[in-house]
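What follows is a short report on a single structure.
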Amino acid sequence: MKQLRIVYDTGELGQNARPIRRRTALVTSDEATAQNCEQIVQLLDSLTKYTALEAHMVIVEQVY
């Protein structure tokens, strides 16, 4: 199974004047490529008020 994990900047500051970040994870198909994931991030970035800071395609493997 693959996941796309995205970190967003909300544009807000929390206590101590540190930026507030939001994280999300989406399950993708096993055939998803890095280019597919980049397109998904760009699409989601255009649909939200937050700014995508980073994204990672993660391969998850069950071991037990």
Side-chain angles (χ1 to χ4, degrees):
M1 173 174 68
K2 290 183 180 179
Q3 290 183 349
L4 175 59
R5 295 183 183 170
I6 307 170
V7 178
Y8 291 103
D9 180 6
T10 65
E12 302 170 357
L13 297 177
Q15 296 177 1
N16 304 333
R18 294 176 64 184
I20 297 175
R21 308 280 194 241
R22 297 283 185 238
R23 292 169 178 76
T24 190
L26 307 168
V27 175
T28 64
S29 72
D30 288 333
E31 292 80 30
T33 65
Q35 184 177 6
N36 297 141
C37 289
E38 182 179 358
Q39 292 171 344
I40 293 168
V41 172
Q42 290 172 351
L43 176 64
L44 292 173
D45 195 42
S46 71
L47 296 174
T48 182
K49 62 182 178 180
Y50 300 149
T51 302
L53 293 178
E54 58 186 69
H56 303 271
M57 183 174 63
V58 179
I59 298 171
V60 179
E61 186 174 329
Q62 183 174 351
V63 295
Y64 181 72

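No more than 12 heavy atoms of other residues, nucleotides or ligands shown are found within 6.0 angstrom of CD on Gln35.
By the criterion of side-chain heavy atoms lying less than 4.5 angstrom apart, applied directly or through intervening Ile, Leu, Val, Met, Phe, Trp or Tyr residues, Val27 is grouped together with Val60 in one hydrophobic cluster. In the hydrophobic clustering of this structure, Val41 groups with Tyr50; members are Ile, Leu, Val, Met, Phe, Trp, Tyr whose side-chain heavy atoms approach within less than 4.5 Å, directly or through other members.
The two atoms that bring Met57 and Cys37 nearest to each other are SD-SG, 3.7 Å, heavy atoms only. Nearest heavy atom pair, residue Asp45 against residue Ala52, reads OD1-N, 2.9 Å. The shortest heavy-atom contact between Arg21 and Thr10 is C-CG2, 4.5 Å.
With hydrogens and angles ignored, the 3.5 Å screen pairs a side-chain donor or acceptor of Lys2 with a backbone N or O of Asp30. Proximity of a side-chain donor or acceptor of Asp9 to a complementary backbone N or O of Leu53 within less than 3.5 Å is not detected.
For Ser46, the side chain to side chain contact (heavy atoms under 4.5 Å, CB included) partners at least two apart in sequence or on another chain are Leu43.
Taking CD1 of Ile6 as the start and CZ of Arg22 as the end, the distance is 15.0 Å to the nearest 0.5 Å.
Residues Leu26 and Leu44 are in side-chain contact: their nearest non-hydrogen atoms beyond the backbone lie under 4.5 Å apart.
Within the structure, every pair that satisfies the side chain to side chain donor-acceptor pair (under 3.5 Å) test and touches residues 53-64, not counting sequence neighbours, is listed here: Glu54-His56.
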- Query: Checking side chain to side chain contact (heavy atoms under 4.5 Å, CB included) for the pair Thr28/Asn36: CA distance, chi angles, key distance, verdict?
  - Reply: CA-CA 10 Å; Thr28 64; Asn36 297 141; over 6 Å; no
